[in-house]
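Here's the structure we're looking at; comments come further down.
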Amino acid sequence: MALIVQKYGGTSVGSIERIRSVAERVAKFRALGHQVVVVVSAMAGETNRLIELARQIQKDPDPRELDVLLATGEQVSIALLAMALKDLGLKAKSYTGPQVRILTDAAHTKARILAIDEERLRRDLEAGCVVVVAGFQGVTEDGDITTLGRGGSDTTGVALAAALKADECQIYTDVDGVYTTDPRIVPEARRLKTITFEEMLEMASLGSKVLQIRSVEFAGKYRVRLRVLSSFEDEGEGTLITFEEDAMERPLISGIAFNRDEAKLTVIGVPDRPGIAAHILGPIAEANIDVDMIVQNVGHDGTTDFSFTVHRNEYRKALGLLERIRGEIGARAIEGDERIAKVSIVGVGMRTHAGIASKMFRALAEENINIQMISTSEIKISVVVDDKYMELAVRALHQAFELDKEPAVPATA
Ligand code: ASP
Ligand code: MG
């Protein structure tokens, strides 16, 4: 008998029919003797609908009130799922985040979980009850309702699994696992049986939308056994997120992530002298704009070009700022480009193997794709390319690293 936390996303509870089928899956796990905690999202589209309503009143809705509003989405699904479970003859009880007492900080719309009072849930489980908890929400010390940021139900699931020391946290979604890359771009993309927690963290931060990044961080910190599965299939093991120590041999590259979330800014012809990077990026940091990639090209005439990327949402703001300080830093011109994409290869195998970068660059060169910027970490290499070549780049890399084939070394945990 195991204690399992199952999280179902919006599409998995998108209709009464779907809610019933979630209840049936839960019933199967109960019949096997497992204790089950279910975390659910709002029904598909509901959170967006609520945000839209709020925006009709306030262009920039008040964060505290927005949280009160958004929390209703999940409250609907927990009640309906508990009813569906009872309808199947199971004992079930639904709880909102504040009822459980999922304590968070007060950062409305992006709150962080601080503690979970799991005693009551444990009592219910002991009494043979399925516990249904609203994802994405919590409560502050002062009793205010908070939400955890878009996709936050994943984090609720993992956090509950950590608090209850569950045997496994299963994330049920509309895909049947984590893929080498998005199958909509590369039809040969392959489902990974396992991926290490670090790789998953990179994939999530680089644009893969399968799991909310905070949930992965949480799983790593508390060593939660996490599995991604399809709620539309009965069979299938999905993808298990493992810890590297548990993994035997890993393939060199596990996956390719990509996104169009960033924009590039270039400061042209700044005097090449100490302090220039600080002078350019200082005001950017002060304006709370996150910088991702940075490249400085050394010039031969005593000046240099300095490029960096920011989130597209902050592009205009960053551009305006640079134009304002252009004279001050003695730059010749400021250029910006929103039509860029970031393509990254991720794999812990990179740590122990040389030559991965050159293989990546060669594959892109063969397609005549120009690399505008490069950044690396121990387990990933990212490049910035022209937006219009993004899909081609992903396909070329998928092929070059033969990600369509099962790795020769078994990647089993
Ligand atoms: N309902 C929230 C959202 O749409 C949280 C979640 O689904 O995880 O972002
Ligand atoms: Mg989600």
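Please read these numbers as outputs of a predicted model, since none were measured by experiment. In listed order, ligands and their atoms are each counted from 1.
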Hey, does Glu74 sit under 4.0 Å from ligand 1 if you only count heavy atoms? yes

Measure the distances from the heavy atoms of Gly10 to every atom of ligand 1 and state whether one is below 4.0 angstrom. no

Mind listing the side-chain donor-acceptor pairs of residues 107-115 below 3.5 Å, one per line with the distance, residues two or more places apart or on another chain?
| from | atom 1 | to | atom 2 | distance (Å) |
| --- | --- | --- | --- | --- |
| His108 | ND1 | Asp67 | OD2 | 2.8 |
| His108 | ND1 | Ile145 | O | 3.4 |

For [X], take its heavy atoms, then give the atoms of ligand 1 lying under 4.0 Å from any of them.
X: Arg150; value: 3 (C), 4 (O), 9 (O)
X: Gly151; value: 3 (C), 5 (C), 6 (C), 8 (O), 9 (O)
X: Ser41; value: 6 (C), 7 (O), 8 (O)

Could you check whether Lys380 pairs with Glu198 (Lys NZ or Arg NE/NH1/NH2 to Asp/Glu carboxylate O, under 4.0 Å)? no

Lys/Arg-Asp/Glu bridge criterion (N-O < 4.0 Å) met for Glu46, Arg49: yes

Quick one: ring pair (Phe, Tyr, Trp, His ring centres under 6.0 Å) pairs with a partner in residues 1-52, sequence neighbours left out? Tyr8-Tyr172

Interatomic distance, His311 atom NE2 to Asp290 atom CG [nearest 0.5 angstrom]: 9.5 Å

Less than 3.5 Å between some nitrogen or oxygen of Ser153 and one of ligand 1, yes or no? yes

